[in-house]
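To start, the structure under review is shown below, and the notes come after it.
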Amino acid sequence: MQTDFLDSNQLDQASKYLKNGEVVAFPTETVYGLGADATNEKAVKKIFQAKGRPSDNPLIIHISSVEQLEQYVQSVPDIAKTVISHFWPGPCTLILNKKGPIATSVTGGLDTIAVRMPDHPIALKLIEKSGVPLAAPSANTSGKPSPTDASHVKKDLDGKIRAILDGGRTGIGLESTVLDLTDPHKPTILRPGGVTFEELEDILGTVFESNPTLKDSSAPKSPGMKYKHYSPVKPVWILPTQLDLAKAIVNQLESDGETIGLLTSDDWLDELKTDQRKCYSLGKKDTPQQAAARLFYSLRKLDDEKVSMIMVEPYKKKGIGAAYMNRLEKAATRIL
Ligand code: TXA
Ligand code: MG
């Protein structure tokens with residue numbers, strides 16, 4: 001199949017493809033999504049095929065208005081209305097009890113459904129023009145870092161999908177927060193993301209997390225292989241939190257013959273930069289949103305560089321730093 005590379009003026013063409021049951025990648029404020037008509041079983045199956053995604057991992061449906069939500073969930077509890085009024089459109093996906101004509105493979109047979117309204121003009125127009133909710137996972141090959149640029153989608157999925165709508169680089173750079181509201185008394189974060197734990201706690205009072213280690217500032221000792229995800233081809237190691245120790249380890253690895261790609265804050269780069277190291281910046285240490293925005297982008301860049309391994313600085317698991325560390329720990333082959 002030939003993949004069309006469309007500019008943002010070619011929304012009509014993209015929506016035609018979607019109405020015809022084809023799969024189209026499009027930009028959102030978080031990462032690029034791989035969209036298909038969520039009411040069309042055959043179309044949704046094409047998403048799983050193109051990505052090589054296991055069929056038991058359910059998809060998020062993307063809508064362009066709050067009214068649309070009522071067609072696909074049994075009820076909208078007050079707590080959902082509160083979250084929506086603060087964070088929609090935006091990077092907050094809600095899990096609610098499903099209803100309506102959604103293809104079975106979107107939810108993998110679950111009674112619940114994940115819904116979000118993206119905060120991106122191209123995504124919103126595309127959903128409106130298509131006239132259907134769009135089921136869309138991140139537009140990467142399963143297991144790879146999520147795409148934050150149209151060129152990443154092309155690299156992973158060219159020839160496997162009908163079109164890519166190019167909207168430039170995405171702003172947030174990692175995925176939405178997934179918030180389970182099926183028990184309205186127990187709002188639970190299933191995946192940290194663009195809306196932070198603290199922001200949700202501010203408006204909801206108490207918020208739960210499905211992963212109890214999320215706010216634990218000490219890194220787990222070893223990430224099990226089963227958590228490997230978002231991974232470049234090259235090994236990714238998370239550096240220790242002390243700069244001196246990090247420096248010693250990088251020096252040692254180089255004398256053992258490794259070629260190191262570094263991804264750290266500017267503060268650390270000043271200390272670690274040398275001519276032989278490939279260095280990418282995560283921005284200032286006190287702006288974790290920059291680190292979040294650059295993580296997947298830079299992992300892909302470093303994977304294409306002539307380096308034998310990639311070493312990344314850890315950030316505090318606070319605010320968006322929690323989402324940054326969640327993705328980094330899943331990408332990592334080793335945590336120092
Ligand atoms: O920012 C994002 O959320 C991006 C953009 C494209 O919108 N999408 C995205 O989709 O990250 P994906 O498929 O890569 O991640 C969807 C997450 C998965 O962790 C999935 O397990 C969870 O949402 N999910 C989907 N439906 C669910 C459900 N009914 N119950 C629990 N978790 C669900
Ligand atoms: Mg994904």
Side-chain angles (χ1 to χ4, degrees), residues 28-30 33 38-39 44 53-119 133-138 172 174-216 220 226-227 229 317-323 325-327 329-330:
T28 80
E29 80 281 29
T30 58
T39 66
V44 174
R53 180 177 173 115
S55 59
D56 61 355
N57 194 0
L59 308 178
I60 298 170
I61 66 162
H62 295 67
I63 57 175
S64 55
S65 72
V66 179
E67 295 73 59
Q68 227 180 336
L69 175 66
E70 282 154 23
Q71 297 173 39
Y72 305 108
V73 301
Q74 281 178 17
S75 68
V76 184
D78 286 344
I79 188 169
K81 289 182 184 143
T82 303
V83 175
I84 287 168
S85 69
H86 283 84
F87 298 117
W88 276 21
C92 193
T93 295
L94 303 183
I95 308 291
L96 292 164
N97 292 313
K98 80 164 180 186
K99 76 164 189 206
I102 294 292
T104 316
S105 50
V106 170
T107 56
L110 296 173
D111 296 331
T112 56
I113 186 156
V115 190
R116 90 174 187 99
M117 192 196 303
D119 187 14
L134 297 182
S138 49
I172 292 176
L174 49 72
E175 300 86 345
S176 63
T177 302
V178 177
L179 182 66
D180 184 354
L181 295 180
T182 49
D183 178 350
H185 304 293
K186 206 167 178 264
T188 304
I189 294 176
L190 303 183
R191 177 179 72 181
V195 170
T196 66
F197 177 91
E198 292 82 353
E199 286 173 317
L200 287 167
E201 202 176 38
D202 269 355
I203 60 157
L204 299 179
T206 310
V207 177
F208 299 85
E209 291 164 307
S210 66
N211 175 0
T213 65
L214 204 67
K215 287 176 70 64
D216 180 356
K226 65 178 169 169
Y227 298 120
H229 205 18
K317 292 177 182 175
K318 269 197 358 208
I320 191 83
M325 286 306 293
N326 170 271
R327 305 307 190 274
E329 284 175 359
K330 288 187 171 159

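Position 1 is the first residue of the sequence, and the numbers go up from there.
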Next on the checklist: Testing the 3.5 Å rule here: is there a donor-acceptor pair between the side chains of R116 and T28?
Outcome noted: yes
Item to check | Check against side chain to side chain contact (heavy atoms under 4.5 Å, CB included), L96 and V115 | outcome: CA-CA 8 Å; L96 292 164; V115 190; 5.6 Å; no
Next on the checklist: To the closest 0.5 Å, what do you measure between CG (D183) and CD1 (I95)?
Outcome noted: 14.0 Å
Checklist entry - Of V178, T177, T93, which is the lone residue that meets side chain to side chain contact (heavy atoms under 4.5 Å, CB included) with L190? => result V178
Checklist entry - Residues in side chain to side chain contact (heavy atoms under 4.5 Å, CB included) with K99, at least two apart? => result Q74
Checklist outcome for this item: Interatomic distance, CG@L94 vs CD1@I60, rounded to 0.5 Å, equals 10.0 Å
Item to check | Heavy-atom closest contact (P89 atom, P118 atom, distance) | outcome: CB-O, 3.4 Å
Checklist entry - Quick one: does K330's side chain get under 4.5 Å of N326's, heavy atoms only? => result yes
Checklist entry - For A80 and L181, which heavy atoms make the closest approach, and how far apart are they? => result CA-CD1, 3.6 Å
Item to check | Partner residues of Q71 under the side chain to side chain contact (heavy atoms under 4.5 Å, CB included) criterion, sequence neighbours left out | outcome: Q68
Checklist entry - Looking at CG of L134 and CD1 of I61, how far apart are the two atoms once the value is rounded to the nearest 0.5 Å? => result 9.5 Å
Checklist entry - Shortest non-hydrogen contact from I320 to G194? => result CD1-CA, 3.9 Å
Checklist entry - Is the closest side-chain heavy-atom distance between P133 and I102 below 4.5 Å? => result yes
Checklist entry - Are a donor atom and an acceptor atom from the side chains of S176 and T30 found within less than 3.5 Å of each other? => result no
Checklist entry - Tell me the side chain to side chain donor-acceptor pair (under 3.5 Å) pairs involving residues 100-112, sequence neighbours left out? => result E41-S105, K98-T107
Checklist entry - How far does CD1 of I113 sit from OG1 of T182, to the nearest 0.5 angstrom? => result 13.0 Å
Next on the checklist: To check you understand the geometry: which heavy-atom pair defines the closest contact between I63 and M117, and what is its length?
Outcome noted: O-CG, 3.1 Å
Next on the checklist: Can you tell me how far apart CZ (F208) and CG (L200) are? Round to the nearest 0.5 Å.
Outcome noted: 13.0 Å
Checklist outcome for this item: When every non-hydrogen atom of P192 is compared with those of A322, the smallest separation belongs to CG-O, 4.2 Å
Checklist entry - Do I79 and P187 have side-chain heavy atoms sitting under 4.5 Å apart? => result yes
Checklist outcome for this item: To the nearest 0.5 Å, atom SG of C92 lies from atom CG of D119 at 12.5 Å
Checklist entry - Of all heavy-atom pairs between G108 and P58, which one has the smallest distance, and what is that distance? => result N-CB, 4.4 Å
Item to check | Residue pair I84, L69: steps toward the side chain to side chain contact (heavy atoms under 4.5 Å, CB included) verdict | outcome: CA-CA 11 Å; I84 287 168; L69 175 66; 3.6 Å; yes
